[in-house]
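FYI, side chains are in, hydrogens and waters are out, and symmetry mates aren't considered; it's all heavy atoms of this structure. Numbers here are sequence positions counted from 1. Whatever order the structure lists them in is the order used to number ligands and atoms, beginning at 1. No experiment lies behind these values; they were computed from the predicted model shown.
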Amino acid sequence: MTEAPPRTVAARTTDLTKVYGKDDAEVRALAGVSVEMYAGEFTAVMGPSGSGKSTLMHCMAALDTPTSGVVEVGDVELSSLRDKALTELRRDRIGFVFQAYNLVPTLTAEENILLPLSIAGQKPESAWYDMVIDTVGLRDRLRHRPHEMSGGQQQRVACARALVSRPSIVFADEPTGNLDSTSGAEVLGFLRRSASEFGQTIVMVTHDPIAASYTDRVIFLADGLVVDETRSPTAESVLEHMTALQTRVLES
Ligand code: ADP
Ligand code: MG
């Protein structure tokens, strides 16, 4: 048997906890998550509603601060950064795609895609920009505003916006949650190609075993902990893991 090549860690959490609220209202969203996301891989995060998926993404993307534990993106430990460095890291090294697209309604598709760079007074690298626009299939939509586009097109604009700075990691929280299956498949196909063809590291939350089957690896959360994972998933294998976890919960 040949050994698998060593994987480069793009982001890592160590014993990450996040507690919301106080006293009676206390909620432990993350209960000690240690997980590594590997460079160039497309990873899915799955788990029941309330299991901590969004909290994990937000803490890893520096959109929320942990209660305890460590988050590293590349070789940078997030807690070591001051406000300005953190803003720059979020802007230059992290992309985020939300379920609700979060586009600026008064701006065209192109202006939305370029907005994070424009704010920083930067321009995209032109070969990379062209590649992103063509891969996402938006060349003929660049002058359209969000209300003139379908949900799938708007989400592809949001994906292009997340990718245009060539971030070291992109987080997507249920990016296909609002889309019909055809538009969802377009977005998933685009994310898949970004990983396979450009080596883009992507972490995506999803409820859908078919969406998870586009990825390289699936991590399962329950009650704020990583409880299982699987590689080279198919929709069937993901469903089997989900059923097994459900059975464990019912038996416990
Ligand atoms: P998921 O994305 O898996 O559905 P979340 O990470 O959103 O789960 O939430 C995990 C737990 O933390 C849930 O019990 C949720 O109600 C709670 N939670 C999330 N965000 C907040 C918040 N801002 N304030 C209080 N509780 C929160
Ligand atoms: Mg969520």
Engineer: List the steps and the verdict of side chain to side chain contact (heavy atoms under 4.5 Å, CB included) for Glu41 and Arg7.
Structural biologist: CA-CA 10 Å; Glu41 282 197 347; Arg7 297 187 175 98; 3.4 Å; yes

Engineer: Quick one: does atom 3 (O) of ligand 1 have a protein heavy atom under 4.0 Å from it?
Structural biologist: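 Yes; the ligand atom in question has protein heavy-atom contact below 4.0 Å.
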
Engineer: Which residue holds the protein heavy atom closest to atom 7 (O) of ligand 1, what is that atom called, and what is the gap in Å?
Structural biologist: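 Ranked first by proximity to atom 7 (O) of ligand 1 is Ser54 CB, 3.7 Å.
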
Engineer: Below 4.0 angstrom from a heavy atom of Ser49, which ligand 1 atoms are there? Numbered from 1 as shown, please.
Structural biologist: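 Under 4.0 Å from Ser49, ligand 1 has these atoms: 4 (O).
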
Engineer: Short list, please: which atoms of ligand 1 are under 4.0 Å from a heavy atom of Pro48?
Structural biologist: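 Checking each atom against Pro48, I get 3 (O).
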
Engineer: For the residue pair Gln155 and Pro175, establish whether any side-chain heavy-atom pair is separated by less than 4.5 Å.
Structural biologist: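 Yes, side chains in contact.
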
Engineer: In terms of residue, atom name and distance, what is the protein heavy atom nearest to atom 17 (C) of ligand 1?
Structural biologist: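 Ranking protein heavy atoms by distance from atom 17 (C) of ligand 1, first comes Val27 CG1, 3.8 Å.
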
Engineer: Evaluate the criterion side chain to side chain donor-acceptor pair (under 3.5 Å) for residue pair Glu77 and Ser79; output intermediate values, then yes/no.
Structural biologist: CA-CA 6 Å; Glu77 188 184 329; Ser79 66; 2.9 Å; yes

Engineer: What about Gly50: any of its N or O atoms under 3.5 Å from an N or O on ligand 1?
Structural biologist: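 Yes; the residue has a nitrogen or oxygen that sits under 3.5 Å from a nitrogen or oxygen of the ligand.
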
Engineer: Could you walk me through whether His58 and Phe171 pass the ring pair (Phe, Tyr, Trp, His ring centres under 6.0 Å) check?
Structural biologist: CA-CA 9 Å; His58 292 158; Phe171 297 98; 9.5 Å; no

Engineer: Checking a contact table here: which protein heavy atom is nearest atom 23 (N) of ligand 1, and how many Å away?
Structural biologist: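 Nearest protein contact, heavy atoms only, for atom 23 (N) of ligand 1 is Tyr20 CE2, 3.6 Å.
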
Engineer: Would you say Gly52 and ligand 1 have an N/O pair spaced under 3.5 Å apart?
Structural biologist: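 There is such a contact, yes.
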
Engineer: Mark up the atoms of ligand 1 that fall under 4.0 Å of a heavy atom belonging to Ala29, in ascending order.
Structural biologist: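 In order of number, 10 (C), 11 (C), 12 (O).
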
Engineer: I'd like to know: is the Mg ion (ligand 2) within the 2.8 Å range of an N/O/S atom from Thr55, strictly under that distance?
Structural biologist: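 It does not: Thr55 brings no N, O or S atom closer than 2.8 Å to the Mg ion (ligand 2).
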
Engineer: Kindly indicate whether the side chain of Arg28, heavy atoms from C-beta on, has any atom under 4.5 Å from the side chain of Thr17.
Structural biologist: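 They are in side-chain contact.
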
Engineer: Does some non-hydrogen atom of the protein lie less than 4.0 angstrom from atom 15 (C) of ligand 1?
Structural biologist: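 Within 4.0 Å: no protein heavy atom nearby.
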
Engineer: I need the contact type for Thr55 against ligand 1. Using non-hydrogen atoms and a strict under-4.0 Å cut-off, is it side chain, backbone, both or neither?
Structural biologist: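 Near ligand 1, Thr55 shows its backbone as well as its side chain.
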
Engineer: Checking Arg192 against Ser196: is there a side-chain donor and acceptor pair closer than 3.5 Å?
Structural biologist: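 Judged by distance alone, the side chains do pair up.
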
Engineer: Flag the pair Arg12 / Val35 as yes when at least one side-chain heavy-atom distance between them is below 4.5 Å, and no otherwise.
Structural biologist: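 The answer is no, as the side chains (C-beta and beyond) never meet within the 4.5 Å cut-off.
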
Engineer: Go through it in stages, so that I can follow the logic: the residues are Asp173 and Gln99, the test is side chain to side chain donor-acceptor pair (under 3.5 Å), and I'd like the CA-CA distance, side-chain angles, deciding distance and then a yes or no.
Structural biologist: CA-CA 6 Å; Asp173 195 351; Gln99 182 172 350; over 6 Å; no

